[in-house]
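Reviewing the structure listed below.
Atoms within a ligand are numbered from 1 in the order they appear, just like the ligands themselves.
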Amino acid sequence: MARIEGALLAVEGVTQARVNLITETAIVVATSPELIVDRLIRAVRHAGYDAEVGRVGVTGTTGQIQPRRLRPQRRALIQAIGLALPVVGLEHLAPALGFDGAGGYLWWRVVQAILCLVLLVSSAGGPIVIGGLRALVHRRANRDLLVSLGVTVAFVASVISLLSPNATAFHFDTAAMIVGFIVLGRYLETRARREASQAVEMLTFEATGVGGASTVGRMLRAVEQAQTGQIRMQRIADRVLEVFVPVVFVLALITFAGWCIAAEAGGAQAGQAAGRLGWALGRAVAVLVIASPCAMGLAGPAALLVAAGRAALRGILVGDAAALEAASHLNAVLLDKTGTLTTGRPEVKDIFDEPVGAITKEPREVLQWTASAEQFSQHPLARAIVARAKECNLTLQDADEFANHPGSGIQAVIDGRTVLVGSVSLMTNHQVDLSAVESRVQQMSADGQTVVLLAIDGVCAGLIGLADAVRPGASRAAERIARLGLDLALVTGDQASTAAALAASVGVKDVHARMLPEEKLAEVRRRQERGQRVAFVGDGLNEAQALTAAEVGISFVAGTDVALESADITLLGDDLTLIPEAIELARRSMRIIKQNLFWAFFYNLVAIPLAAGGKIPPGIAAAVMMCSSIGVVLNSLRLRGRKS
Ligand code: ADP
Ligand code: MG
């Protein structure tokens, strides 16, 4: 995989390349993809694989190259079985029927040779042999190389035996069985893979009701990326593979030499020696075939594909594989309040005018001034206030010289007066005297309301209380996050008492209030310095930096565009329990990948010595190898279930 990516990246104009073994796609980002497709395909071929063009220019600068769909797999399978069975059958039947005349010319060996030859050039064996040859020509080790070498050695040795009267290294049955099992394995693997990708395709489309067209596009991209990214573990496995293939080749040579020497030492007769040579060759072929590293290459991608599909079905869009990996090692989750713990659709509850300054004489006027100042703000509080003003048929005044105070409020000039709208800290910072409203602010915020204050020319002129419903599943989410062993904290720019009231209602104990955007970022950093890995959940308003700085930035799809761009995980729907669910799924995926890699390595560790020692016949070696890759795919499919 790293090899193909490297080859693609080497093509001029390519800025990014991601290869996925499971979906058999490579996504390439290039300056002018339509002009360089030919070069891209040549690069893939040069790396020892094959490819054809998928979609080009879907998202402007992204092209997708799709390696050729394996030829109708079923036909290959039928051919493989139809040709391999008679070869294997003859091997066992002919001697039993007495056709095995001592020495001389054995007609049924000729039949085997012809059938084998047809098999090797058919759509069953052809791709295997060609894939291996291509890898050899370009001196690139890939998963076809070992198998292909095994088949070729078995076949060529048998043909030589047929032509020279003394040699008896007949392995036609081995060559046939290897091809048969590989083709069967690939057929089963493709079926399992198809099942896995079907899950992905099905969510994608269910979820389209949630957002607009741009959201859908982004979602599709997210699902695609989740499958193409690579996690650290798999990168390590890939690097091991590059060394592994040559090592296996050497092991096969040693096996061959070892058995030959053993025969020599045993002082075999000339006739027997020829038989020993055949035996030694068989062991070497078994080693080549059994170690063919399909399982290792599939360990990560198979699990990631299934995980991405499962997540997408549940409304969790994982940005890439690295995000899934990061989500599995989290220690803490920091929740923003507005739009995250709450729905982000606050409603105006109370409006009070403040007679001290005597600028506003009634609540309607407070609403009008405030809404006029807020009319261009994107903040949920601003939208709620403007909406209420419209409901009350108030005409908004012209306002200019807007200034945003991120995380505390907004400033504008209306009717020649400086208007300040926002939090208590904003007012205090601008020396607005709040002594007259203090008790009222306390009272409203203890009730869980967010208080927005209005000051005109530095004098407090009124206040608006807004209430925002807590998202569904908040208490359950808090409980599950705690059970996963993670710290959970609320960080908000709002008043301490408002935050405390909301946090208490859902069972969050750690509350950080009056946090400006840079303080939210600082809180993320502080925890990271303590060695924690942090997820920040926010809607992107006033916390894009915190989202980016956190190991995992999580955002609801209804959030701002900024949030969608900086989030690693995007949640569709409203429910906060999607957060623990995403973390659980991430942990399960990593567990499955570790199992897969462990089994793939363990399998090789056990299987290679057995094959070298002559305990596994070469034909059976192919079957064992096939089971190991299918095992990896099946183990990954467990992620579709609720528990694993
Ligand atoms: P949170 O941390 O809950 O997401 P923000 O950081 O967006 O909240 O804002 C913190 C506080 O700043 C709000 O509770 C509100 O008092 C004040 N504030 C921020 N922006 C505005 C605005 N546009 N209008 C009024 N108040 C605002
Ligand atoms: Mg916010």
Side-chain angles (χ1 to χ4, degrees), residues 334-346 348-349 351 366-367 369-389 399 402-412 419-430 432 434 437 441 444-445 448-455 461-471 474 489-503 506 508 511-524 536-547 554-556 558-560 562-563:
L334 302 186
L335 282 179
D336 179 44
K337 182 176 73 71
T338 312
T340 304
L341 179 62
T342 65
T343 58
R345 292 185 288 271
V348 174
K349 289 287 174 204
I351 306 175
V366 172
L367 184 60
W369 282 94
T370 313
S372 303
E374 295 271 34
Q375 56 189 311
F376 299 114
S377 169
Q378 294 296 308
H379 202 280
L381 294 171
R383 290 191 194 171
I385 290 169
V386 173
R388 172 56 66 90
F402 288 102
N404 197 17
H405 297 284
S408 59
I410 202 163
Q411 187 179 334
V419 178
L420 204 58
V421 172
S423 65
V424 171
S425 6
L426 180 75
M427 298 297 150
T428 325
N429 289 346
H430 286 77
V432 177
L434 294 181
V437 292
V441 171
M444 287 159 77
S445 49
Q449 288 192 22
T450 296
V451 183
V452 171
L453 293 133
L454 166 72
L463 58 162
I464 298 179
L466 297 100
D468 191 355
V470 168
R471 272 183 195 274
L490 181 65
V491 283
T492 174
D494 207 342
Q495 284 275 86
S497 35
T498 313
L502 275 176
V506 296
V508 178
V511 182
H512 302 257
R514 297 175 83 154
M515 303 279 272
L516 292 173
E518 54 278 15
E519 290 170 317
K520 292 179 181 174
L521 172 67
E523 177 62 21
V524 171
F536 191 95
V537 195
D539 61 4
L541 261 174
N542 302 339
E543 69 252 339
Q545 296 162 302
L547 272 178
I554 303 179
S555 162
F556 281 90
T560 60
V562 189

Tell me, please: is Gln495 in heavy-atom contact with ligand 1, that is, under 4.0 Å? no
Kindly say whether [Y] contributes a backbone atom to a donor-acceptor pair with the side chain of [X] at under 3.5 angstrom?
X      : Y      : value
Arg471 : Gly339 : yes
Thr340 : Lys337 : no
Thr492 : Ala513 : no

Identify the two heavy atoms, one from Asp336 and one from Gly538, that lie closest to each other, and give their separation to 0.1 Å. CB-CA, 3.9 Å
Minimum-distance pair of heavy atoms, taken over all atoms of Met444 and Ile464: CE-C, 4.0 Å
Applying ring-ring contact (aromatic ring centres under 6.0 Å, His included) to His405 and not counting sequence neighbours gives His430
Under 3.5 Å, N or O to N or O, is Gly493 touching ligand 1 that way? yes
Can you find an N/O atom of Gly407 closer than 3.5 Å to an N/O atom of ligand 1? yes
Just how far is it from atom OG of Ser425 to atom CD of Gln495, taken to the nearest 0.5 Å? 6.5 Å
Looking at non-hydrogen atoms alone, which of [options] comes nearest to [atom]?
atom                    : options                        : value
atom 25 (C) of ligand 1 : Met515, Glu374, His379         : Glu374
atom 18 (N) of ligand 1 : Pro380, Ser425, Ala499, Ser408 : Ser408
atom 16 (O) of ligand 1 : Pro406, Ser423, Ala546         : Ser423

Should you measure from each heavy atom of [X], which atoms of ligand 1 turn up under 4.0 Å away?
X      : answer
Thr492 : 1 (P), 2 (O), 3 (O)
Ser377 : 23 (N)
Leu381 : 13 (C), 15 (C), 26 (N)
Lys520 : 1 (P), 2 (O), 4 (O), 6 (O)
Thr450 : 14 (O)

Tell me yes or no: between the side chains of Asp494 and Ser423, is some donor less than 3.5 Å from an acceptor? no
Contact partition for Thr338 relative to ligand 1, non-hydrogen atoms under 4.0 Å: both
